[in-house]
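Keep in mind that the numbers below use all heavy atoms, side chains included, and drop hydrogens, waters and symmetry copies. Chain naming here is simple, since letters A, B, ... match the order of the sequence lines and numbering starts at 1 in each.
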Number of protein chains: 2
Amino acid sequence: MTNIAILGFGTVGSGVAQVLTDNREIIRQRIASNYSIKYILDLRDFPDSPFADLITHDFDRIIHDPDVTVVAEMMGGSHPAYEFTKACLEAGKSVVSSNKEVVANFGPELLATAKTNHVSYLFEASVGGGIPIITTLGQDLAANRILSVSGILNGTTNYILTRMEQDGMAFADALADAQSLGYAERNPSADIQGLDAARKIAILAAMAYGKMIPVESVLTEGIAEITKDDIILAKELGFTLKLIGHATCEDGKLLAMVTPRFVPQASPLAGVNDVFNAVLVRADMLGDSMYYGRGAGKLPTASAVCADILSVIRNSGSSPMPDWADASEDELMPLEDYACRNCFIFSGKDFRAEKYFEPQKLSCDGELTAAVSPRMTEKDAMRIEQEADPLFVKRFRILD
Amino acid sequence: MTNIAILGFGTVGSGVAQVLTDNREIIRQRIASNYSIKYILDLRDFPDSPFADLITHDFDRIIHDPDVTVVAEMMGGSHPAYEFTKACLEAGKSVVSSNKEVVANFGPELLATAKTNHVSYLFEASVGGGIPIITTLGQDLAANRILSVSGILNGTTNYILTRMEQDGMAFADALADAQSLGYAERNPSADIQGLDAARKIAILAAMAYGKMIPVESVLTEGIAEITKDDIILAKELGFTLKLIGHATCEDGKLLAMVTPRFVPQASPLAGVNDVFNAVLVRADMLGDSMYYGRGAGKLPTASAVCADILSVIRNSGSSPMPDWADASEDELMPLEDYACRNCFIFSGKDFRAEKYFEPQKLSCDGELTAAVSPRMTEKDAMRIEQEADPLFVKRFRILD
């Protein structure tokens, strides 16, 4: 019998309690073992919940109870989630987490602490909600060198872009729509400005390359400046505009970025719509593979937290874990070295893109000229932007 | 140091040797452990191969070598692959396999043998090539009740259907094209008639429900009868025609089938083209998730075999495994109880589908009438087919 403690009885925490209870029979069969939720830590009381009796406000009860061997941390925010996680690991309890902020900020340290104490620190639910992308990178693709990871990692922004594309909505209207449906928070800036996706791509980069890039070093652009015209132009040129988290490593230099990108319509990412998330992994042996599903929500996220809990139980606390180090300054790729295809947009029809590169596609409507470039470095792309000034309007990177 | 034996040095076997060699450094880091290929069993010699020295024709050398703890079986066919697998497990060696025929025919017995002998029997590569769908169902979705599994499980037939759809080719021309590119074998019947996909959906059903359906009990239809007109009609009605393996379980009754189906264009399966495979899993907590990638080929399949080898090494031979029983006759759903939407095609324009059901979509071109029905049982669908005789032409099930 494994005793579990839940930290945080919000949306995900209550989902975990529900999944472990509703599917108890089928789970017990699969793991050939039994479990029980012993404590639920929250500041609030929940007198009407079927779990009311398990609520405690006192973390010390959990940390000092030797019966509790698995702790599920779903508090959100860095503090005190980080301190509680560290204390649990040091007390010899495995921790599973949906908290991307803690994983992105303290992942290497917490993994090392877990290792030292012969317990597990798992965080499948921190990226992509219920999509099993962490296990996939850590275990299923373990024989591959990862060439790149590209994902639609934020459901709110993907919903907004889908509404703008499919229904011709303006950004503000699509945002209001997302808020009215509960897909966007009242203060949506962490989603809209790309910070949520930046934390997630940093975690995926660490899974792929073993080094954690500081979130401040992730080039992060949101979608607040995206217009209907950008989306129409993308379509005209054979692309779909998506907010893409992208990580790669070349010659030992890591790069992670979150930017609106033009995705070729034949890419499996192009058809990922509404609140769905998907991660496309390019690996040397497997080639391209993609993982698609609900990137947020109570039960999908709880599904991933529970998978980690079951992994800890099955492996008696020693589930496979990655080794992460913090990426040092000289392991980061300077942005100017990053290369991809680009779509440049210039005002008017007079800018001669041919002077700079052989355009692969060109669109001129009198007011704007859009030119798709071959693969070029950021350095070259920025040089073109400068030389075209004041005709240069904007540039979208292309995901190939 | 783990010593590995490879059984079968064909396409996949040589791929496994290559992956383990080429990516040795990165793999060693990830699993924090070293390994070596000690034997490669094959009837042939490979004097020009870098692995020539490891070739043996004598299985007894492997089975009697206590240093060998992991055996990768990639021989194909049921015999002697089954006997070798059983002998290795009984000798206390873990076995990983890409051999869907052995898994589909002897899976429950071999899993039990592995369990008795405290070793692992893993077969990620038996379905979906390099796509990690076996681990996903067995571990990542372990907290979910699986409602259905639906997949494009055969790259050859998906390539043919894609050419027919995108280039307007006839079936025979698309097949010849696939053969010229090496995507289809000279005798392509196991692919074309759906047998390959039937074995794979039986394995996925066992992962989802714990019961192995005999392949003879999987309703299996191929694509040899599919015409360009079927594909055009599907498109007109908002669908894409795909060969779909589908498994479900209702009230304890299991059903698995491989049939050409109309897939709604908004489904993530609709955009899976060429030789790519994908599996869509519908689960009670996670909702819909999809796993996409290369379902065949030397290195993608080797990637999955190697993932299993690394799992065995990391878990010292006790990787998580499912418990399977053979499904008994009364655990199988009678086909007539299965329910889905259907597209009925009648000759002429005189058949009044409205007499039988409220059509959700209707297409009449004078020569044919196509009517999309609401969800109905096979029993009701077959009654309509009979009553419409001789006007009834064919029926496609719809995947919702």
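Per-residue heavy-atom pair counts under 4.5 Å with chain A were compared for Asp284(B), Ile134(B), Ile31(B), Val272(B), and the maximum is reached by Asp284(B). When the candidates Pro322(A), Ala142(A), Gly130(A), Gly15(A) are compared by the number of heavy-atom contacts under 4.5 Å with chain B, Ala142(A) comes out ahead. Most heavy-atom pairs under 4.5 Å with chain B, from the set Ser318(A), Ala307(A), Gly210(A), Pro132(A): that is Pro132(A). Interface remark: of the candidates Gly287(B), Pro268(B), Ala304(B), Pro268(B) forms the most heavy-atom pairs closer than 4.5 Å to chain A. Among Pro300(A), Gly293(A), Ala266(A), the residue making the largest number of heavy-atom pairs under 4.5 Å with chain B is Pro300(A).
With values rounded to the nearest 0.5 angstrom, Glu124(A) atom CD is found 6.0 Å from Asp140(B) atom CG. Between the CZ atom of Arg30(B) and the CG atom of Asn144(A) there is a distance of 7.5 Å, given to the nearest 0.5 Å. The CD atom of Gln139(B) sits 8.0 Å away from the OG1 atom of Thr135(A) when rounded to the nearest 0.5 Å. Separating the CD1 atom in Ile131(A) from the OH atom in Tyr291(B) is a distance of 7.5 Å, to the nearest 0.5 Å. Atom CG of Leu286(B) and atom OG1 of Thr301(A) lie 9.0 Å apart (nearest 0.5 Å).
Interface remark: Arg294(B) contributes backbone and side-chain atoms alike to the contact with chain A (heavy atom separation under 4.5 Å). Within the 4.5 angstrom heavy-atom criterion, atoms from both the backbone and the side chain of Arg145(A) approach chain B. Interface remark: Ala302(B) contributes no atoms to any contact with chain A (heavy atom separation under 4.5 Å). In this structure, chain B has a heavy atom under 4.5 Å from the side chain of Asn315(A), while its backbone stays farther away. Interface remark: Thr136(B) contributes side-chain atoms only to the contact with chain A (heavy atom separation under 4.5 Å).
The minimum heavy-atom distance linking Gly138(B) with Arg314(A) is given by the pair O-NH1, 3.2 Å. For the residue pair Ser303(B) and Met285(A), the shortest heavy atom distance occurs at CB-CB, 4.2 Å.
Environment of NZ in Lys298(B): crowded, with over 12 heavy atoms of neighbouring residues, nucleotides or ligands closer than 6.0 Å. By the 6.0 Å contact criterion, NZ on Lys115(A) is open, its count of non-hydrogen atoms from other residues, nucleotides or ligands being 12 or less.
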